[in-house]
Q: 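Take a look at this one; I'll ask things after.
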Amino acid sequence: MSVDILEGLNEAQRTAVTITEGPLLIIAGPGSGKTRVITHRIAYLVREMDVPPWRIMAVTFTNKAANEMRQRLFGKSDEDPSAPLFDQRSRAQELTVRTFHAFCATVLRRFGHYIGLDQGFSIFDTDDQLTLVKAAMEEEGLDPKYFPPRAILGVISRAKSNLKDAQSLLLGADNAFEEGAGRVYERYQELLHLNGAVDFDDLLMRTVELFQRSPDTLEYYQERFLHLLVDEFQDTNVAQYELSKQISDLHKNICVVGDPDQSIYSWRSADVRNILDFKKDYPDARVVNLEINYRSTGKIIKAAKSVIASNRHRPDKDIRASRDEGKPLVVYETYDTEEEAYFAVTQISNLLRRKDFNLSDCAVMYRTNAQSRAMEEACLHRGMPYHVVGGIKFYHRAEVRDIIAYLRLINNPGDDVSLQRIINKPRRGIGNKSLDMLQDLGREHESPIYPLLRPLGKRKKGEPVPYGLSSRLVKPLTSFVNLMEDLRDGAAEMGTVKLLDKLLRGINYQEFLRAAGEDWEDKWENVRELRRAAGEYDGMEVGEGLTAFLEHLALVAEVDSLDETTDAITLITLHQAKGLEFPVVFIIGLQEGLLPHMRSMDDPEQLEEERRLFYVGITRCMDRLFLTRAFRQRGYRGEGGVGIPSRFLRDVPSELVAEVPQIVGSRYGGQSFPDFSSGEASVARRQRATSAVRVGSAGVNGAGTGPDKDGEAPAFKEGDRVRHGVFGEGLVLKTAGQASDREVTVVFREAGVKRLLLSFANLKKVES
DNA sequence: TTGGATCGGCTTTTT
DNA sequence: GCCGATCCAA
């Protein structure tokens, strides 16, 4: 009773599903049914080609995407015949659907001993990495003032992503910085080894290394995986590319899927050439283009195409809309970031009132995580349910990290970074001085600290103290060792939850939190959340559960328990939104400096990536797209500046954009918003509401016409009396410039002389 | 050793 | 404006 796998697929999609032999490159434009093709392809392999599921590997970019794919394959419920593989549900476990990082972690756990990795190795995250970099820099005598540790870490990470070791980095160094980074890299690797740890980049790099040094291991995987599928191939780095090649080298059935126009991770060493040059490395590769977009309205597609067309370095490809034109887009300027948030919330409730959409249809997207804050506040204030995707990582919280550090040390006694974090937490009288001493001791013996201390646990009274530790430290250190040994014994005989309870009791953590701060209850709740997560690993074999739990914590950034079934607005970064779709999308903060981001503005390549990011955002939208910006931008330090409209807005053709309709919306601080919910441009009649003067230049530029295309911008001349939304009344002193950057100098009664760009200042002529 | 106070630096996106 | 590192006094 299963559906025909090929039913409902267009010709290109069918081709992509049914070419099962040899290398295959699928260029999949946004909304072209990519996930559908991948899942149906897997189903086709299993059901039509009789490939056992355990011999198929599908690699995704995020854990979320992996889960999503599993769900699409097997259906949301047990009885979901629309899922291509639902009748094979029992074989679900056999498929390998994972991220590169998670897959590599598994490989290294199993075969890492061939390259000197212990089974229980720790996985270091960015914070841990930074700790090690700083330590390595100190040993190498590098001043963090001149060599920012983060930058050094960036160089190391990039090198690793490109499969370069310290030696080749040093050889290729042509300045002091790179040379320093090379030296740090060398020592950093040693420290990782000492800690019995790998970092994120090592997961990939060292797996490549393992496959090179242990042909048997490679062969095992090569034999096993008849088919390899890599999603989001435009965002793979050199290491991931190499891994794909290694794994598929025997059967050559490698299918990669991606879209160069959606490459947004070059900052993480992703190399778009992997997809662009795929044909070079695999000359016999077949190529399928999926160009028909089933997701978005015609107007949205037009806007997306117009935006991406401004990129100079892009492949020759097209997307075609299949839906009707749809409603006009909305481009709107608000006074400041807060008002922008209220605007979005207001529009969403207008839309809800018409019953066309519900809350979970709506997403608000932004460039930086920090921008979620204003949105959250507006939602809270208006009583709108929302959920923030990602954001402050759960595992990032201090209390959670403390507990994880304990668990890591239990699991891996060599994990010095964790030891340093918790040896005096709660206070045991082992302060910085003592820790320094212990670190020196470790360095002296080229050993992690904990193993050196362990003899203290078995020491009888009167026996000599090892390493001449000062008598003052013997007591606290001994009790610390006893605690840890007790917990390590516990880890060998009890499940993760019981172990966690034993730990929490052993260090009296609840008391520790209570004594430490006011919001200790929240923190304790986070610890309990961690305990809940540990429950998932309770059933596993004792000893394996802890390792698996820690790996999960390291590789799964967020608690994805936030169920998507509840009706709520989604707040999400543009990066994380990749691969998702929503009927209603707001992209907020369309100002220079935010999108494109400041850090990307002076490099043309990075600027193009920012544009792709905007393109990704636009193409997430199915029906109603809102693009907003704030006139005043809150800076990081104190006074905010004026937000210049993002250059990307100029690429949104004005004929796709709704005019600002009459103001009937609800109020915010005396501010009314027009109601765009009907999406009918014809009703729109721009209204000059003096009370709503802070709607700002919405009527001038907010309609997305782009300053230079707007013939209606009021012409000001010297001597005109004008009114500005913020500065009040004033007199035009002079005007200069053309079109988009037409500038007026105005002397205001109160605010003094200001030079304003007509394109975003809200100036109104005052008749007198 | 610890806790408080002050200074200074930086400020994106994520496995 | 915030967080972290650093300094200083008890």
Side-chain angles (χ1 to χ4, degrees), chain A residues 59-66 98-105 123-127 129-131 134 144-145 148-151 154 157 160-161 198-205 207 232 235-237 239-240 243 263-270 365-373 389-393 395-396 398 423-437 470 472-473 476 515-516 551-558 572-579 589 593-601 603 606 609-610 612-614 616-617 633-640:
Chain A
V59 183
T60 59
F61 196 67
T62 62
N63 297 291
K64 197 181 198 168
R98 322 197 59 184
T99 65
F100 271 113
H101 289 85
F103 170 74
C104 288
I123 299 172
F124 276 11
D125 69 12
T126 315
D127 286 352
Q129 289 178 281
L130 223 42
T131 307
K134 284 173 187 161
K145 277 215 175 75
R150 294 183 70 93
S157 169
K160 287 184 171 187
S161 299
V198 299
D199 63 20
F200 282 130
D201 304 307
D202 275 350
L203 286 171
L204 308 175
M205 181 177 79
T207 304
E232 306 286 10
D235 286 323
T236 53
N237 61 30
Q240 288 163 328
L243 275 168
S263 144
I264 53 175
Y265 281 97
S266 73
W267 53 273
R268 218 174 78 184
S269 307
M365 302 177 184
Y366 35 79
R367 176 66 233 262
T368 67
N369 281 304
Q371 290 172 266
S372 72
R373 194 148 165 192
V389 179
I392 309 142
K393 308 292 185 306
Y395 79 102
H396 223 73
I423 194 167
N424 201 30
K425 203 175 282 181
R427 302 243 120 83
R428 298 186 173 93
I430 307 168
N432 286 337
K433 270 265 153 56
S434 313
L435 192 55
D436 280 352
M437 187 274 293
S470 87
R472 201 160 48 122
L473 279 173
E551 190 169 304
H552 169 84
L553 291 170
L555 296 179
V556 179
E558 59 193 276
I572 190 169
T573 63
L574 287 162
H575 279 91
Q576 296 207 83
K578 188 179 71 165
L594 261 181
L595 189 69
H597 196 271
M598 287 198 318
R599 310 263 295 209
S600 305
M601 288 206 305
D603 176 2
Q606 288 186 50
E609 180 148 315
E610 296 286 310
R612 288 193 291 271
L613 196 53
F614 185 41
V616 166
Q633 189 169 310
R634 243 235 297 289
Y636 348 81
R637 35 167 192 281
E639 267 321 281

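Just so it is clear: chains get the letters A, B, ... in the order the sequence lines come, proteins before strands, and each one is counted from 1. Side chains are part of it too, since the values below use all heavy atoms of this structure and drop only hydrogens, waters and symmetry mates.
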Q: Nearest whole Å is fine: how far is C:dA5 P from A:Asp127 CG?
A: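 From A:Asp127 CG to C:dA5 P: 10 Å.
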Q: Among B:dT12, B:dT14, B:dT1, which is the nearest nucleotide to the side chain of A:Trp267?
A: B:dT14
Q: On a whole-Å scale, what distance lies between the P atoms belonging to B:dT13 and C:dG4?
A: 16 Å
Q: Could you state the CG-P distance from A:Leu204 to B:dT14, rounded to the nearest angstrom?
A: 18 Å
Q: Kindly point out which of B:dT14, B:dT1, B:dT15 is positioned nearest to the side chain of A:Asn369?
A: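 Selected nucleotide: B:dT14.
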Q: Is any side-chain nitrogen or oxygen of A:Asn63 closer than 4.0 Å to OP1 or OP2 of B:dT15?
A: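 A:Asn63 to B:dT15 OP1/OP2: no side-chain N or O under 4.0 Å.
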Q: Taking only side-chain nitrogens and oxygens of A:Ser600, does any of them come within less than 4.0 Å of OP1 or OP2 of B:dT12?
A: no
Q: Could you tell me if the ring centre of A:Trp267 sits under 6.0 Å from that of A:His597?
A: no
Q: What is the nucleic acid contact for A:Tyr265, judged by heavy atoms within less than 4.0 Å: base, sugar-phosphate only, or nothing?
A: sugar-phosphate
Q: Hey, which of A:Leu553, A:Asp199, A:Asp202, A:Leu203 is the one that makes side chain to side chain contact (heavy atoms under 4.5 Å, CB included) with A:Ile123?
A: A:Leu203
Q: Distance check needed: C:dG1 P versus A:Arg373 CZ, whole Å only.
A: 10 Å
Q: Measuring from the side chain of A:Thr573 (C-beta onward, heavy atoms only), which nucleotide among B:dT12, B:dT15, B:dT14 has the closest atom?
A: B:dT14
Q: Would you indicate, yes or no, if B:dT2 has its OP1 or OP2 atom less than 4.0 angstrom from a side-chain nitrogen or oxygen of A:Asn424?
A: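 For B:dT2, OP1 or OP2 has a side-chain N or O of A:Asn424 closer than 4.0 Å.
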Q: Looking only at side-chain N and O atoms, does A:Arg599 come under 4.0 Å of OP1 or OP2 in B:dT11?
A: yes
Q: For A:Arg428, look at atom CZ and say whether over 12 heavy atoms of other residues, nucleotides or ligands are found less than 6.0 Å away.
A: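 Atom CZ in A:Arg428 is packed in, count exceeds 12.
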Q: Between A:Thr62 and B:dT14, does any side-chain N or O lie under 4.0 Å from OP1 or OP2?
A: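 False: A:Thr62 side-chain N/O out of range (4.0 Å or more) of B:dT14 OP1/OP2.
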Q: What is the separation between atom NZ on A:Lys134 and atom C1' on C:dA5, rounded to the nearest whole Å?
A: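 That distance rounds to 9 Å.
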Q: Taking any heavy-atom pair under 4.0 Å as a contact, classify A:Thr126: base, sugar-phosphate, or nothing.
A: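 A:Thr126: base contact, heavy atoms under 4.0 Å.
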Q: Could you check how far CG of A:Leu243 sits from C1' of B:dT15, rounded to whole Å?
A: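 Answer to the nearest Å: 13 Å.
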Q: Report yes or no: is the ring centroid of A:Phe100 under 5.5 Å from the six-membered base ring centroid of B:dT15, with the two planes under 30 degrees?
A: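 Given the distance and angle limits, no, they do not stack.
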Q: Report the residue from A:Thr62, A:Asp235, A:Thr573 that forms a side chain to side chain donor-acceptor pair (under 3.5 Å) with A:Lys578.
A: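 Output: one option passes, namely A:Asp235.
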Q: Rounded to the nearest angstrom, tell me the gap between atom CG in A:Leu613 and atom P in B:dT14.
A: 10 Å
Q: Using atom CZ of A:Arg150 as one end and atom P of B:dT13 as the other, report the distance to the nearest whole Å.
A: 10 Å
Q: Please determine if a side-chain N or O atom of A:Gln576 lies less than 4.0 Å away from the OP1 or OP2 oxygen of B:dT13.
A: no
Q: Find the distance A:Gln240:CD to B:dT15:C1' and express it as a whole number of Å.
A: 8 Å
Q: Check each of A:Ile264, A:Thr368, A:Leu595 against A:Leu574 using the side chain to side chain contact (heavy atoms under 4.5 Å, CB included) test, and report the only one that passes.
A: A:Leu595
Q: I'd like to check, for A:His575, whether its ring lies over the base of B:dT13 with centroids under 5.5 Å apart and a plane angle smaller than 30°.
A: no
Q: Examine distances only and state if a side-chain atom of A:Thr236 and a backbone atom of A:Glu232 form a donor-acceptor pair shorter than 3.5 Å.
A: no
Q: Would you mind telling me which residue lines up with the more 5' stretch of DNA chain B, A:Glu610 or A:Leu435, judged by nearest nucleotide?
A: A:Leu435
Q: If the cut-off is 4.0 Å, is A:Asn237 near the phosphate of B:dT15, judged by side-chain N/O to OP1 or OP2?
A: no
